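These numbers come from a predicted model, not from an experiment.
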Amino acid sequence: MDRQQEFVLRTIEERDIRFIRLWFTDVLGFLKSVAVAPAELEGAFAEGIGFDGSAIEGFSRVHESDMLARPDPSTFGVLPGRRGEPGTARMFCDILLPDGSPSYADPRYVLKRALGRASESGFTFYTHPEIEFFLLRGRPQSPGDLPAPVDAGGYFDHTPHDAGHDFRRRAIDVLEQVGISVEFSHHEVAPGQQEIDLRYADALTTADNIMTFRLVVKEVALDQGVYASFMPKPFENQPGSAMHTHLSLFEGDRNAFHDPADPFKLSKVGRAFIAGLLTHAAEITAVTNQWVNSYKRLYGGGEAPAYVCWGHNNRSAMVRVPMYKPHKGQATRVEIRSPDSACNPYLAFAVMLGAGLKGIEEGYDLPEGAEDDVWTLSDGERVALGIEPLPDSLARATSVMERSELLAETLGEHVFDFFLRNKKEEWSEYRRRVTPFELERYLPLL
């Protein structure tokens, strides 16, 4: 037994932890959990916990369904319990096949494989997400039932009796008790819309933190009598919820994106990484924006980046180079603004890293940056500038993804095939639906 496992077992005993939740995600990014008693944990570390993989979305077929969930002790965290309840902790798991090899269907392993490829080139991949979501009064009870936002606030608003302020304070308290550091929190642009930014960390830790974050936010909301939603675009006339993500590569303690001589403080490696994100932007969009509703956000206004371009401090661009601290080399990074907060973070980080590394390996040239407001340009002006649109629907996104060698290699054959098949089914189901728009527009006329 290694030191981390010993630390976990000792902490469980010292803090009287009665239940340990073992977590993992399916291919679509939904959290799965099995609770074990402390007495079972040593065996779980050694051998894993058996489960039926065929019952998990995208994991395995019935005739090869036996799988194992083995907890990763480095992810141990104590969950705050309600008053009078026994202590609870959680750990994320690696999913294994019966022979002990990693499961090809485990999104966490997909990201680990991508990070291993970066490590072979001497890089550590760090991410820093800005996670947006809505707080609503009550939970939707039926299709078409959309509760009202909890407030009428706007960007950075802070008003007396602000439900969002109280919620954010409580959510941050819980997150920090679990060991997740928060950098900023504030009210976002739309009524009821909140943003909480997690402190930067290596990409695997950040992906684990995002999964914990989503659960904490929803549970704190329920405790306060409201409902939290990460749906990309719940309101037609309000901005959607993004997950703007800051990315950087480090070589040891040195920021590989930083060059003090460059006007943007951006190194050759950083430029090639951005070029990779742009070159493969359409291919990765089905993963970073994986739901039908995601494209209502991308093409629904509200500062969503619908076009493939980069810019210096330009929030209309898909990728921008923030300049908050231009003289601090460790702060140099790129921000990708297209992902939404409902994506599977393991797969999203894997494909973003894969695209960036491809740019570095192939020596992609970075085109001129867009310094104009891209949303206000005409179609002709965008064409003249070489600015292509992102896919405008899940159908287009999956069509581009289907032809992508980069995505097939990054995700692995099993996840690639299942993800495409699932997204095609989602689009097919959506296309069959008669929408309120059609009923309102056509029923009285036709």
**Q** Calculate, to the nearest 0.5 Å, the distance between atoms CD and CZ belonging to Gln5 and Phe76 respectively.
**A**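 Going from the CD atom of Gln5 to the CZ atom of Phe76 covers 12.5 Å.
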**Q** Please determine whether side chain to side chain contact (heavy atoms under 4.5 Å, CB included) holds for the pair Phe349 and Leu115, giving the CA-CA distance in whole Å, both sets of side-chain angles, and the decisive distance to 0.1 Å.
**A** CA-CA 9 Å; Phe349 288 167; Leu115 295 173; over 6 Å; no
**Q** Using every non-hydrogen atom in the two residues, find where Leu278 and Met318 come nearest and quote the distance to one decimal.
**A**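 Shortest heavy-atom separation between Leu278 and Met318 comes out as CD2-CE, 4.3 Å.
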**Q** As a quick check of understanding, evaluate side chain to side chain contact (heavy atoms under 4.5 Å, CB included) for Met91 and Val8, giving each step before the final call.
**A** CA-CA 10 Å; Met91 277 182 285; Val8 169; 4.0 Å; yes
**Q** Decide if atom CG of Asp365 counts as having more than 12 heavy atoms of other residues, nucleotides or ligands within a radius under 6.0 Å.
**A**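 No - once you tally the heavy atoms of other residues, nucleotides and ligands closer than 6.0 Å, there are 12 at most.
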**Q** Below 30° counts as parallel, above 60° as perpendicular, anything between as tilted: where do the rings of Phe133 and Phe167 land?
**A** perpendicular
**Q** Look at the side chain of Lys265 and the backbone N and O of Pro260, then say whether any donor-acceptor pair between them is shorter than 3.5 Å.
**A** yes
**Q** Quick check: are there more than 12 heavy atoms from other residues, nucleotides or ligands sitting under 6.0 Å from CD of Glu236?
**A** no
**Q** Treating Gln194 as the side-chain partner and Gly192 as the backbone partner, does any N or O pair qualify as donor plus acceptor under 3.5 Å?
**A**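 Yes, Gln194 side chain to Gly192 backbone: donor-acceptor pair under 3.5 Å.
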**Q** Gln224 vs Arg170, test: side-chain hydrogen bond (donor to acceptor under 3.5 Å, both in side chains). Steps then yes/no.
**A** CA-CA 10 Å; Gln224 297 195 355; Arg170 174 58 182 155; over 6 Å; no
**Q** If you look at every heavy atom in Ser338 and Leu298, which pair is closest and at what distance?
**A**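 That closest heavy-atom pairing would be O-CD2, 3.9 Å.
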**Q** Run the salt-bridge test on Glu426 and Lys423 with the 4.0 Å N-O cut-off and return the result as yes or no.
**A**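 Yes, Glu426 and Lys423 are salt-bridged.
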**Q** Rounded to the nearest 0.5 Å, what separates atom CG in Leu411 from atom CG in Leu111?
**A** 11.0 Å
**Q** For a 4.5 angstrom cut-off between non-hydrogen side-chain atoms, does Lys424 reach Arg421?
**A**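 They are not in contact (no side-chain heavy atoms under 4.5 Å apart), so the answer is no.
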**Q** State yes or no: are the ring centers of Tyr295 and Trp427 separated by less than 6.0 Å?
**A**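 Ring centroids of Tyr295 and Trp427 are no less than 6.0 Å from each other.
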**Q** Within the 4.5 Å heavy-atom criterion, are Arg90 and Leu215 side-chain neighbours or not?
**A** no
**Q** Can you tell me how far apart CZ (Phe213) and CE (Met243) are? Round to the nearest 0.5 Å.
**A** 10.5 Å
**Q** Does the side chain of Thr205 come within less than 4.5 Å of Phe92's, by heavy atoms?
**A** no
**Q** Enter the distance from Leu96:CG to Ser101:OG here, rounded to the nearest 0.5 Å.
**A**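 Going from the CG atom of Leu96 to the OG atom of Ser101 covers 7.5 Å.
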**Q** Under 3.5 Å, side chain of Gln290 to main-chain N/O of Leu28, donor-acceptor pair present?
**A**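 Answer holds: yes.
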**Q** Taking all atoms of both residues into account, what is the closest heavy-atom pair of Ala282 and Leu390, and its distance?
**A**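 Taking Ala282 first and Leu390 second, the nearest heavy atoms are N-CD2, 4.5 Å.
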**Q** Look at atom CD of Glu362 and say whether more than 12 heavy atoms of other residues, nucleotides or ligands are closer to it than 6.0 Å.
**A** yes
**Q** Can you confirm whether Pro149 sits close enough to Phe235 that some side-chain heavy atom of one is under 4.5 Å from a side-chain heavy atom of the other?
**A**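 They are in side-chain contact.
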**Q** Okay, side chain of Trp310, backbone of Ala275: is any donor-acceptor separation there less than 3.5 Å?
**A**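 No, the answer is negative, given that no donor and acceptor are paired below the 3.5 Å cut-off.
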**Q** Apply side chain to side chain contact (heavy atoms under 4.5 Å, CB included) to Leu420 and Leu407, showing your working.
**A** CA-CA 11 Å; Leu420 271 175; Leu407 269 288; over 6 Å; no
**Q** I want to check something: taking the side chain as every heavy atom from C-beta on, are Leu9 and Pro38 in contact at a cut-off of under 4.5 Å?
**A**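 Counting from C-beta outward, Leu9 and Pro38 never come under 4.5 Å.
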**Q** Checking His128 side chain against Leu198 main chain: does a donor-acceptor pair fall under 3.5 Å?
**A** yes
**Q** Within a reach of under 6.0 Å around CZ of Arg254, are more than 12 heavy atoms found that belong to other residues, nucleotides or ligands?
**A** yes
**Q** Ring-plane angle category for Trp291 and Phe30, please: parallel below 30°, perpendicular beyond 60°, tilted otherwise.
**A** tilted
**Q** Does atom CD of Glu361 have more than 12 heavy-atom neighbours, drawn from other residues, nucleotides or ligands, at distances under 6.0 Å?
**A** yes
**Q** With a 4.5 Å heavy-atom cut-off, do Met231 and Asn293 have their side chains touching?
**A** yes
**Q** With side chains defined as the heavy atoms from C-beta onward, is the minimum distance between Phe416 and Thr410 less than 4.5 Å?
**A**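 Heavy-atom side-chain distance check fails, nothing below 4.5 Å.
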**Q** Is a side-chain N or O of Thr206 found less than 3.5 angstrom from the main chain of Ala201, in a donor-acceptor match?
**A** yes
**Q** Any chance OH of Tyr307 has more than 12 other-residue heavy atoms, nucleotides or ligands included, within less than 6.0 Å?
**A** yes
**Q** List the atom of Val36, the atom of Glu40, and the distance in Å for their closest heavy-atom pair.
**A**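 In this case the closest contact between Val36 and Glu40 is CB-CB, 4.3 Å.
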**Q** Is the shortest heavy-atom distance from the side chain of Phe24 to the side chain of Met67 under 4.5 Å?
**A**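 They are not in side-chain contact.
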**Q** Let's go through Leu277 and Leu247 carefully: what are the C-alpha distance in whole Å and the side-chain angles of both, what is the deciding distance for side chain to side chain contact (heavy atoms under 4.5 Å, CB included) to 0.1 Å, and is it a yes or a no?
**A** CA-CA 11 Å; Leu277 290 175; Leu247 314 173; 4.1 Å; yes
**Q** Per the side-chain hydrogen bond (donor to acceptor under 3.5 Å, both in side chains) rule, what does the pair list look like for residues 70-79, sequence neighbours excluded?
**A** Asp72-Ser74, Asp72-Arg108
**Q** Has Asp106 got a side-chain atom pairing as donor or acceptor with Ile95's backbone, closer than 3.5 angstrom?
**A**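 Flag set: sc Asp106 to bb Ile95 pair under 3.5 Å.
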**Q** Between Arg271 and Asp262 (salt bridge meaning N to carboxylate O under 4.0 Å), is one present in this structure?
**A** yes
**Q** One thing to verify: whether Arg382 and Asp379 come together as a salt bridge, which I'm taking to mean a side-chain N less than 4.0 angstrom from a carboxylate O.
**A** yes
**Q** Could you give the side-chain donor-acceptor pairs of residues 392-401 under 3.5 Å, partners two or more places apart or in another chain?
**A**
{"residue": "Asp392", "atom": "OD1", "partner": "Arg396", "partner atom": "NE", "Å": "2.8"}
{"residue": "Ser393", "atom": "OG", "partner": "Ala395", "partner atom": "N", "Å": "3.4"}
{"residue": "Ser393", "atom": "OG", "partner": "Arg396", "partner atom": "N", "Å": "3.1"}
{"residue": "Thr398", "atom": "OG1", "partner": "Leu394", "partner atom": "O", "Å": "3.0"}
{"residue": "Thr398", "atom": "OG1", "partner": "Ala395", "partner atom": "O", "Å": "3.0"}
{"residue": "Ser399", "atom": "OG", "partner": "Arg403", "partner atom": "NH1", "Å": "3.2"}

**Q** If you take all heavy atoms of Ala89 and Ile17, which pair is closest and at what distance?
**A** N-CG2, 3.8 Å
**Q** Judged by modelled atom types alone, do Asn255 and Thr332 share a side-chain donor-acceptor pair under 3.5 Å?
**A**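 Looking only at side-chain atoms, Thr332 and Asn255 do not form any donor-acceptor pair under 3.5 Å.
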**Q** Main chain of Phe123, side chain of Ser121: is a donor-acceptor contact present, judged purely on distance under 3.5 Å?
**A** no
**Q** Rounded to the nearest 0.5 Å, how far does CZ of Arg433 lie from OG of Ser428?
**A**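 Nearest 0.5 Å value for the OG-CZ distance: 11.0 Å.
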**Q** Under 30°, 30 to 60°, or over 60°: which ring-plane class applies to Phe125 and Phe273, parallel, tilted or perpendicular?
**A** tilted
**Q** Of all heavy-atom pairs between Val287 and Cys343, which one has the smallest distance, and what is that distance?
**A**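 Answer, listing the atom of Val287 first, then Cys343: O-CB, 3.7 Å.
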**Q** Taking Ser241 for the side chain and Phe230 for the main chain, is one N or O donor matched with an acceptor at less than 3.5 Å?
**A** no
**Q** State the CG-CG distance between Leu357 and Leu249, to the nearest 0.5 angstrom.
**A**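 Between Leu357 CG and Leu249 CG, I get 6.5 Å after rounding to 0.5 Å.
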**Q** Between Arg297 and Glu132, is there a salt bridge with N-O shorter than 4.0 Å?
**A**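 Between Arg297 and Glu132 there is no salt bridge, as every charged N stays at least 4.0 Å from the carboxylate O atoms.
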**Q** Is Lys268 reaching over with its side chain to a backbone N or O of Phe257, donor-acceptor style, under 3.5 angstrom?
**A** no
